[in-house]
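Just so it is clear, the values below take in all heavy atoms, side chains as well, and ignore hydrogens, waters and symmetry mates. Just so it is clear: chains get the letters A, B, ... in the order the sequence lines come, proteins before strands, and each one is counted from 1.
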Amino acid sequence: MLTYFKNIWIGFYSALVGMKITWKHIFAKKVTIQYPDERFPLPSNARNRLQLMPARCTGCTLCVAACPVNCITLETVRVVPDDPHQELYENGTPRKMWVTRYEMDFAKCCFCGLCVAACPSDAIHHTTDFEYSSLDRSHLYYKFQTLTPEQAEEKKRLFAEFKAREAREKEAKAQAAKPDAPRPEAEV
Amino acid sequence: MSEKKKIDIEYSQLDSERMRINVGPQHPSTHGVLRLEVEVDGEIVTDVVPHLGYLHRSFEKHCEYMTYPQIIPYIDRMDYISAMNNEWPYVMALEKMLDVKVPEKVEYLRVIVAELNRIANHQIAVATFGLDAGAFTPFLFYFRDREYIIWILEKLSGARLLYNYFRVGGVAGDVYPTFKEECHDVIAKVRKTNAEVMNLLIHNNIFIKRTAGVGILTPDVAINYGCSGPVLRGSGMAHDLRRDEPYSIYDRFDFDIPVGKGEVGVVGDCWNRNMVRMHEMEQSCRIIEQALEQMPMEGDVTAAIPKRIKLPKGEIYSRAENPKGELGFYIVSNGTDKPERLKARGPSFVNLSVIPEISKGYMFADLILILGSIDIVLGEVDR
Amino acid sequence: MNLVTLAFYFFAVLTLAFAAVVVFSRNILHAAFALLFTFFGVASMYVLLQADFLAISQIMIYIGGILILIIFGVILTTNITGVEVKSDKTGRLQLVSAGIATLLLAATLIGVMTTTQWNTAEVPAVDATAEAIGTGMLTRYLLAFETASMLLLIAIVGAAFIARKKPV
Amino acid sequence: MQSTNFIWDLFGVNLLTVVAVVALPLGFVLIYALVAILAELKISAWIQERLGPMRTGPYGILQPVAEVIKLLQKEDITPDASSKLLYNLAPFIIFSGAYAAFAVIPFSSAFMPANINVGLFYVFAIGSISAMGIVMGGWASSNKYSLMGAMRSVSQLISYEIPAAMAVLSIVVLSSSMNMQEISHAQTGYFWDWYLFGGPGSWTKVFIIPFTITLAIAYFIASLAETNRVPFDIPEGESELVAGFHTEYGGIKFAMFYFAEYANMFVVSAIFTTIFLGGWNSPFGEFLQGPGWGVMWFILKSFSIVFVQIWVRWTLPRFRVDQLMYLGWKVLLPVSFICFFAISLFVMFK
């Protein structure tokens with residue numbers, strides 16, 4: 001009988017203890033912030049949307065290899081010596097590769113940061129921008145190449161011409177050096 | 001006679017039809033997309049069949065197509081609540097295979113982030129357990145505190161949840177100037193909230209009535225099912241890899257292994273499992289304090305490792321004490337930069353298998369609590 | 001035609017209509033729920049007769065107690081989902097004989113009611129009936145009251161005895 | 001034309017009064033429910049160190065309005081396997097049950113929709129109609145969770161009606177009236193004349209003060225159970241039964257359940273106020289006493305009780321079914337019986 005009343009009292013008392021705690025919290029300072037108006041400062045190394053600096057990118061494809069989810073598409077064309085449009089990297093050295101296509105699909109990106117770690121020229125880095133949600137998945141497909149499609153076509157054409165010229169020269173040179181050698185057409 | 005037995009006898013005298021209820025995959029308290037097929041006799045659970053696989057992402061097969069560093073982000077997504085702890089055994093396995101010596105500072109940093117993450121994990125475990133019992137307020141108290149831990153981890157690694165912080169031979173981010181003060185702050189906050197929640201929830205009479213003596217897991221059953229972590233320790237078995245098989249630098253710290261003592265209820269019941277987590281948070285705080293004291297603040301955070309990681313031919317099993325139990329990775333290497341086979345031994349998956357064994361004969365509301373006290377993460381159960 | 005008369009007809013129709021639903025509905029649960037409105041209508045009749053205590057007792061006991069027990073019984077004894085909660089079709093023979101019996105009974109009652117010389121008197125305004133009922137039950141009708149309670153007690157004991165599982 | 005005359009004959013000059021008496025509590029219920037929903041949102045937020053809704057209107061005070069508009073806009077879904085008629089009827093029954101109880105609530109010495117002599121008894125009787133609505137909704141949804149929730153809810157309602165009725169009966173014994181207006185009148189004076197503190201009377205009432213306070217607590221606990229609030233919200237305990245008997249309801253029908261829940265909260269608070277806290281009486285004698293101020297005092301007192309209900313909700317965990325039954329039958333019932341007995345003895349030998 002005594003334990004019966006003791007149990008009732010303990011149950012009642014422990015509820016009161018809890019209510020005392022919650023009562024104190026009613027007047028405590030609130031911790032939430034009004035998000036779009038107030039913002040929490042993100043640390044500078046926060047891993048959010050990726051950003052490519054085309055002036056640094058050498059098109060080495062190490063980021064493509066490092067990406068676990070294959071969200072980077074990278075296409076490059078070598079810079080031809082007689083291209084009228086020559087460019088320097090950010091550090092002053094002349095550009096060796098045209099990046100004709102550098103596209104990232106942030107619908108796939110898992111924000112692991114492995115591409116940033118892999119990049120030898122620090123061309124790719126995370127930004128603190130996380131508010132890029134969109135109603136259309138295609139809006140998450142970011143294109144970082146600076147060349148317009150026409151320019152890219154032009155570079156490809158130049159490279160193809162250069163390649164053909166090189167091959168012709170090589171052939172001519174080879175024929176000059178070794179006249180007995182079989183013709184390439186015969187080999188095919 | 002225990003209350004459970006009394007209920008058993010009372011109900012065995014009644015003839016009634018049994019009802020099958022599907023709990024999940026869309027249910028507020030299955031902690032993810034778990035589906036439990038429950039057979040109830042009135043309110044008494046007579047059978048439970050867990051159905052898994054709603055979150056299956058074929059992690060292990062996927063790993064066979066990825067290089068070793070690429071696997072780490074995927075490991076984060078196994079047990080996304082304690083990602084730091086998950087990465088550790090995997091990275092340790094690679095380091096052991098490559099025979100890399102990790103810098104002293106990195107070891108301390110790893111201990112600190114892992115213990116911080118352990119606290120964050122236990123906070124969620126206790127919070128959601130309270131939520132299962134119907135107490136909403138402690139849930140948000142813990143989420144408020146967890147935010148401070150996440151801020152530290154975010155400043156270190158750059159991400160809030162899926163850190164990808166551990167790298168082979170080091171970590172991804174160096175400490176920042178206010179790191180130590182912030183850690184001490186967080187510890188103080190964790191202790192304060194824990195003391196508050198002790199009064200608000202853990203020692204609340206209703207909560208004790210709900211959880212004590214419910215879902216009793218005896219040590220024998222726990223060992224037979226291969227349980228580990230707080231689930232095993234709640235049954236009174238002091239088994240902790242950090243002490244029994246000290247990896248990294250855990251042998252340098254002084255900490256206790258909390259076990260279920262049965263202050264309230266029976267050893268191995270939901271209340272004791274939950275209490276072990278409360279005590280473990282305190283022990284983690286102690287470890288962090290000691291580590292902060294001993295940690296060298298200068299130095300590099302990466303060891304010299306080859307750019308392209310190729311493991312020698314062979315196999316390795318590496319395990320570590322995850323907040324949820326023993327997490328192990330078994331890696332078979334064929335000498336390339338991709339594993340031949342990677343097998344993960346997940347604690348949640350193993351602990352979950354004990355549910356049908358311990359939840360029969362309790363009431364339907366208790367089943368939810370038993371599930372909550374096991375503390376599973378479906379990302380790891382289904383992988 | 002005043003408000004009270006209109007209310008009387010409204011509740012009378014309500015009671016009879018739902019009573020008909022109770023009788024004719026093939027779904028037992030629909031019948032049970034229709035009983036709710038029937039009881040409610042009867043309670044309204046009591047209100048119109050200025051028997052407020054009785055009216056509320058009617059709601060409390062019949063709706064709050066008996067009807068809920070009936071519905072519990074129906075839900076518990078039938079399979080919860082799947083099985084039809086419906087009564088069988090009434091046979092033609094039963095229908096005809098029941099109809100004849102009903103007609104005979106109704107004719108008798110109506111005949112008696114119309115032919116009897118009813119004593120009428122002016123109704124004094126009743127303020128509260130609870131006190132009168134309480135006094136009446138514990139003085140004048142004590143024997144009947146106690147007998148009824150004994151009967152109910154026996155019924156409860158009997159029900160408990162039947163419900164108990166026999167020792168094997 | 002004749003029909004208008006007929007109605008005019010019927011209601012006569014009282015038409016406006018009748019309409020006002022019916023409409024006033026309805027308006028009050030609707031406005032009150034919005035305020036109570038806001039209070040619940042805000043108090044829960046403050047307890048959890050949150051700000052709560054802040055966007056809709058200044059400090060988010062229009063949030064409940066926005067929620068109701070949202071619920072009204074939603075598609076009115078009737079599950080295919082449900083028993084259509086009963087499914088659609090249940091919210092109305094529950095809401096009318098909750099609303100009907102407002103008929104006997106004495107807002108002020110001058111205003112009470114229906115001054116009936118068995119007011120307290122009436123409130124308890126009307127409560128059973130809500131129980132019927134819950135069973136109806138739970139069964140008609142043809143969902144196992146709903147059915148379990150409905151069964152639990154009704155068994156809980158029936159169990160807790162008895163201790164609550166015992167607490168109320170004790171006050172009826174003390175005041176020898178079941179008319180809520182008369183009970184309020186009896187407590188006119190200072191706050192120590194409230195039935196919480198033994199009611200008006202000589203110093204001998206100190207013997208029953210512990211019993212009346214115990215009864216007040218018992219009634220408060222039982223009223224929590226009757227309104228399905230935490231820690232007795234097992235009929236809709238979201239961790240087990242998703243949402244209990246209203247799992248399948250959405251849109252306007254869900255809003256009616258919602259409103260009925262809050263209306264019920266007010267009803268039990270109003271009864272508590274009337275029988276224990278002096279109803280519309282000022283706590284300090286003649287200070288701000290009067291029919292107009294009475295409304296203010298009544299609503300203030302009732303809202304304090306509603307506040308405590310909300311406060312309890314965000315503090316305590318939930319009971320289990322068998323523990324709930326234990327508390328109802330083995331704790332509250334004997335305790336309230338003892339108090340009832342003691343008070344009856346006191347009244348007999350006074």
Side-chain angles (χ1 to χ4, degrees), chain A residues 3 6-26 28-33 40-50 60 62-72 108-120 125-130, chain B residues 62-63 65-77 83 135-138 140-141 143-145 147-148 150-165 167 170 172-174 176 189 193 195-209 302 307-308 337:
Chain A
T3 50
K6 211 177 144 199
N7 278 338
I8 294 176
W9 171 245
I10 289 173
F12 188 66
Y13 177 74
S14 71
L16 286 185
V17 168
M19 285 175 75
K20 195 179 140 211
I21 291 171
T22 43
W23 175 259
K24 274 192 226 151
H25 276 278
I26 291 181
K29 197 174 167 294
K30 310 298 174 243
V31 292
T32 43
I33 57 169
F40 181 75
L42 285 175
S44 56
N45 63 343
R47 293 208 310 258
N48 290 305
R49 191 169 59 78
L50 286 160
C60 63
L62 277 176
C63 49
V64 179
C67 184
V69 288
N70 300 332
C71 77
I72 305 174
K108 280 185 193 167
C109 178
C110 72
F111 305 99
C112 59
L114 286 177
C115 49
V116 179
C119 188
H125 65 96
H126 283 285
T127 58
T128 52
D129 172 28
F130 56 92
Chain B
H62 218 132
C63 289
Y65 296 92
M66 273 183 295
T67 60
Y68 288 106
Q70 284 181 349
I71 292 172
I72 299 178
Y74 281 79
I75 290 170
D76 282 341
R77 283 155 180 79
F136 198 84
T137 302
L140 282 173
F141 284 176
F143 263 74
R144 177 196 67 201
D145 275 19
E147 198 68 10
Y148 301 118
I150 286 177
W151 286 349
I152 292 182
L153 298 181
E154 186 184 16
K155 282 179 189 172
L156 283 174
S157 70
R160 282 169 55 86
L161 196 66
L162 306 164
Y163 309 106
N164 192 19
Y165 185 59
R167 299 285 158 84
D174 204 347
Y176 51 95
K189 275 177 180 138
T193 309
E196 218 168 57
V197 172
M198 279 280 192
N199 283 326
L200 179 58
L201 179 70
I202 307 291
H203 283 124
N204 183 293
N205 206 263
I206 300 175
F207 186 75
I208 291 174
K209 285 259 164 64
T302 42
K307 195 102 196 159
R308 196 175 153 86
D337 61 346

Task: Over all atoms of both residues, closest heavy-atom pair of B:Met66 and A:Pro68 - done: SD-O, 3.9 Å
TODO: Check whether B:Phe141 gets within reach of chain A through its side chain, its backbone, both or neither, counting any heavy atom under 4.5 Å.
DONE: side chain
TODO: Indicate the atoms forming the closest heavy-atom contact of B:Leu200 with A:Ile21, along with that distance.
DONE: N-CD1, 3.8 Å
Open item on the list: Side chains of B:His203 and A:Ile10, heavy atoms from C-beta outward: is any pair under 4.5 Å?
Closed with: no
Open item on the list: If you define the side chain from C-beta out and look only at heavy atoms, does anything of A:Arg47 sit under 4.5 Å from B:Asn164?
Closed with: yes
TODO: Could you look at B:Thr67 and say if it's the side chain, the backbone, both or neither that has a heavy atom under 4.5 Å from chain A?
DONE: neither
Task: Distance in Å, B:Arg160 CZ paired with A:Phe130 CZ, rounded so as to fall on 0.5 Å steps - done: 9.5 Å
Open item on the list: I need the residue from B:Tyr163, B:Trp151, B:Tyr74 with the largest number of non-hydrogen atom pairs under 4.5 Å to chain A.
Closed with: B:Trp151
- [ ] Answer with side chain, backbone, both or neither: which region of A:Leu62 has an atom nearer than 4.5 Å to a non-hydrogen atom of chain B?
- [x] neither
TODO: Compare all side-chain heavy atoms of A:Val31 with those of B:Tyr148 and state whether any distance is below 4.5 angstrom.
DONE: yes
TODO: Please name the pair of heavy atoms, one in A:Leu114 and one in B:Gln70, separated by the smallest distance, quoted to 0.1 Å.
DONE: CD1-CA, 3.8 Å
Open item on the list: Among residues at least two apart in sequence or on other chains, which ones pass side-chain hydrogen bond (donor to acceptor under 3.5 Å, both in side chains) with A:His126?
Closed with: none
Task: Minimum heavy-atom distance between A:Ala15 and B:Asn204, given as atom pair plus value - done: CA-ND2, 4.3 Å
Open item on the list: Counting only heavy atoms from other residues, nucleotides and ligands, does the tally under 6.0 Å from NZ of A:Lys30 exceed 12?
Closed with: yes
Open item on the list: So, taking the atom named CG in B:Asn205 and the one named CD1 in A:Ile8, what distance separates them when rounded to the nearest 0.5 Å?
Closed with: 10.5 Å
Open item on the list: Let me confirm one number: the CG-SG distance from B:Asp76 to A:Cys110, rounded to the nearest 0.5 Å.
Closed with: 8.5 Å
Task: salt bridge (charged side-chain N to carboxylate O under 4.0 Å, His left out) partners of A:Arg49, counting only residues at least two apart - done: A:Asp129
Open item on the list: Within this structure, what is the CZ-OG1 distance for the pair B:Arg144 and A:Thr32, rounded to the nearest 0.5 Å?
Closed with: 11.5 Å
Task: Heavy-atom closest contact (A:Cys112 atom, B:Arg167 atom, distance) - done: O-NH2, 3.9 Å
Open item on the list: Need one label for B:Ile208: side chain, backbone, both or neither, based on atoms under 4.5 Å from any heavy atom in chain A.
Closed with: neither
TODO: Counting only heavy atoms closer than 4.5 Å, note whether A:Phe40 contacts chain B via side chain, backbone, both or neither.
DONE: side chain
Task: Atom CZ of A:Phe12: over 12 foreign heavy atoms under 6.0 Å - done: no
- [ ] Return the minimal non-hydrogen interatomic distance between A:Asn45 and B:Glu154, and the atom names on each side.
- [x] OD1-O, 3.7 Å
